[in-house]
Amino acid sequence: MRKLLPLIGTPSGSHPGGRSAMTCRFRCGDACFHEVPNTSSNEYVGDVIAGALSRRSMMRAAAVVTVAAAGAGAVGVAQAPQAGAVPAGTVPADAAAEAARRKHKGARGLRFAPVAPNTTDAVTVPEGYRQNVVIRWGEPILRGAPAFDPEKQTAKAQAGQFGYNCDFLALLPLPGERNRQLLVANHEYTDEVLMFRGYDAANPTREQAEIAWAAHGLSAVVVEGDRKTGKLTPVPRHQLNRRVTATTEFRLTGPAAGSDLVKTSADPTGTKVLGTLNNCAGGTTPWGTTLHGEENFNQYFANSSRATDKRYGIGTGASERKWERFDKRFDVAQEPNEVHRFGYVVELDPYDPTSTPRKHTALGRFKHEGATVRLTADGRPVVYTGDDERFDYFYKFVGSKRMKHGHGRAVREHNMSLLDEGTLYVAKLTGDSPAIEIDGTGKLPNDGEFDGSGEWIPLATATADGAVSHVDGMSAEEVFVFTRLAGDKVGATKMDRPEDVEPNPVTGKVYVALTNNSNRGVGSNAKADEANPRNTNKHGHVLELTERWNRPESTRFAWSLFLVAGDPDDPATYFAGFPKEGVSPISCPDNVAFDDYGNLWISTDGAQLGSHDGLFGVATRGERRGELKQFLTVPKGAETCGPIIQDRRVLVAVQHPGEIDGASVEKPASTWPDGPGKYVRPAVVAVWRADGCDIGV
């Protein structure tokens with residue numbers, strides 16, 4: 001029996017998903033403690049899932065490399081004050097790395113010694129791997145920005161420095177600049193208690209609010225790779241470096257732009273928005289831009305009394321940060337439409353630092369975890385995105401315009417309009433097992449698998465000449481602004497916090513990370529279904545979706561549960577049929593990514609198994625399908641975000657390190673990344689093999 005580590009911080013059950021109270025306050029505005037926004041009678045995905053695990057794959061137990069005792073030699077590297085410094089003696093020699101690789105064979109791309117679950121206050125990586133901190137909160141990236149001094153921070157300084165709490169990451173090529181790439185990062189939210197000495201939550205200052213506005217948004221910064229290692233370092237003052245903040249001008253585009261629903265006293269045209277908030281995951285486009293999902297935007301707004309706002313979790317009283325004291329646009333009572341201008345997918349052209357970012361209303365308004373793109377055979381974009389809320393839905397947008405190839409201004413302008421015309425769909429899943437066989441424990445139904453079929457239900461279609469609603473009783477503008485209500489009306493399937501949705505570049509199958517839902521089956525809330533088969537689901541699961549004929553524009557699909565997360569010793573868990581003694585424990589899947597071999601990489605948020613969050617790789621095909629290995633863990637209080645998997649380098653965003661109940665600047669709960677006596681700072685970390693070879697081969 002695997003021994004689990006004792007839970008850290010707040011006891012399980014008091015804060016869903018293993019998060020601290022501090023995380024709940026600052027990241028999502030205590031969303032898990034609010035009344036569930038979705039009170040519709042739509043079917044719950046847990047009920048749908050109850051019959052989806054494959055009996056055939058459960059019997060497929062070919063020769064397997066056991067990893068139960070793996071990771072004993074995993075390396076925890078506590079970063080020294082200089083970025084990139086690795087304490088001597090913490091990384092084994094190349095010979096040890098090769099020995100570990102041979103000992104731990106696995107799917108190609110996943111041949112490394114798994115890291116054991118741990119509570120080390122460091123980024124812990126496998127034997128034979130090294131790491132460096134690429135960039136931290138506050139490092140200057142724009143010309144004229146000062147060195148980071150948290151005791152003398154100003155909004156002007158922060159606007160030229162790397163923002164706070166990085167989440168989604170993208171690395172884009174820089175033709176003509178050898179060994180350089182363009183790093184784009186989301187900055188999801190600020191944690192004022194860990195940013196400001198002596199912070200008074202009841203009485204924040206204007207200066208603190210303005211610093212926080214500047215710490216939100218996006219950063220674009222050129223990074224340079226060391227030719228001999230995988231180390232990355234920022235290139236400050238590069239001409240492509242850019243900061244986008246909560247006060248940067250955005251262009252509202254698509255069918256809701258100019259609507260009376262989005263006009264404000266400051267913007268009577270309904271087309272210009274200041275800032276972007278709570279950018280969580282995202283994606284890159286085939287035409288060279290980046291997409292960023294505005295997630296828990298509700299927490300920044302105060303004093304609402306409308307039913308439509310309640311459906312989005314917007315409160316009736318003051319906000320946590322009290323920004324409404326310093327800018328009336330955050331006060332719904334004074335500016336009722338400002339909140340309608342957040343909750344969209346943002347598109348940034350990172351190659352043009354003078355361009356105006358866009359918010360695409362055609363992709364709907366809800367708590368977007370991210371947005372990932374694939375193309376149809378004729379070159380039209382299809383965008384998948386999840387609404388990260390208990391009992392909410394996941395969506396697909398199918399564009400009607402074709403992508404153009406080239407790099408000229410006219411081509412780029414055309415391609416940045418691709419997400420303004422097309423049809424927005426929401427998913428409805430149906431299980432193939434009798435409801436009586438879905439008992440909420442995760443027990444497989446009689447057919448041996450949680451699976452079924454599904455359909456994409458159209459909500460509205462936008463064209464160059466206007467938009468048409470497919471939802472009775474709602475106009476097209478209302479569908480795009482109140483998308484959750486449209487999903488309620490058409491009977492979409494209630495999911496367990498659908499977060500990142502990613503298509504596999506090798507197989508075309510689509511994977512949906514469902515983080516958790518401790519309210520499933522509690523009280524009057526929806527009970528388990530086949531697609532969400534466990535009541536009080538605290539560990540989450542990963543759903544695998546196959547579009548009909550493998551065509552992304554299809555309106556029908558098949559689905560099955562790929563992973564049911566938790567301790568492998570728990571009979572309610574499932575790893576695509578792979579023998580459970582050969583996998584790492586995993587809890588609360590959040591962001592997902594793929595490597596070139598089609599392996600799925602999963603970062604976690606709020607793991608409920610007593611160890612720190614981490615990054616995992618799992619094979620999605622072949623005889624090792626379902627073999628899941630932990631690649632790294634993050635420091636105390638931190639979440640693993642934004643994974644990028646390259647041939648010779650893995651990047652993760654270490655978000656909110658030290659975010660433990662009771663922690664503050666004066667009483668830090670973590671010393672990462674710079675050691676005792678320094679501010680705890682969210683940062684981006686790069687990991688590579690010590691021998692310079694490809695990851696996991």
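Start at 1 with the first residue, then count along the sequence.
Checked by atom type, the side-chain pair Asp349/Ser355 shows no donor-acceptor distance below 3.5 Å. At a cut-off of 3.5 Å, with distance as the only test, no side-chain donor of Thr154 or Glu207 sits close to an acceptor on the other residue. With 3.5 Å as the limit, one finds a donor-acceptor pair spanning the side chains of Gln655 and Asp167. There is no side-chain donor-acceptor pair under 3.5 Å between Glu477 and Ser475. Side-chain polar atoms of Thr233 and Glu224 form no donor-acceptor pair below 3.5 angstrom.
Annotation: Phe397 is not in aromatic contact with Tyr384 [ring centroid separation under 6.0 Å not met]. Aromatic ring centroids of Phe342 and Phe301 lie under 6.0 Å apart. Less than 6.0 angstrom separates the ring centroid of His216 from the ring centroid of Tyr300. Under the 6.0 Å cut-off for aromatic ring centres, Phe394 and Trp456 qualify, their centroids lying closer than that. Under the 6.0 Å cut-off for aromatic ring centres, Phe482 and His340 qualify, their centroids lying closer than that.
Residues in residues 146-171 take part in these ring-ring contact (aromatic ring centres under 6.0 Å, His included) pairs, two or more places apart or across chains: Trp137-Phe148, Trp137-Tyr164, Phe162-His187, Phe168-His292.
Contact between Trp672 and Val133 at its shortest, heavy atoms only, is CZ2-CG2, 4.1 Å. A pairwise comparison of heavy atoms in Leu194 and Pro657 identifies CD1-O, 3.9 Å as the closest pair.
By the salt bridge (charged side-chain N to carboxylate O under 4.0 Å, His left out) test, Arg311 pairs with Asp392, Asp488, sequence neighbours left out. Shown here are the salt bridge (charged side-chain N to carboxylate O under 4.0 Å, His left out) partners of Glu338, two or more places apart in sequence or in another chain: Arg329, Arg341.
Contact check for Thr290 versus Thr284: side-chain heavy atoms found under the 4.5 Å cut-off.
Going from atom NE2 of His360 over to atom CG of Leu419 covers 4.5 Å, rounded to the nearest 0.5 Å. One finds the CG atom of Leu171 at 4.0 Å from the CD1 atom of Ile644 (value rounded to the nearest 0.5 Å).
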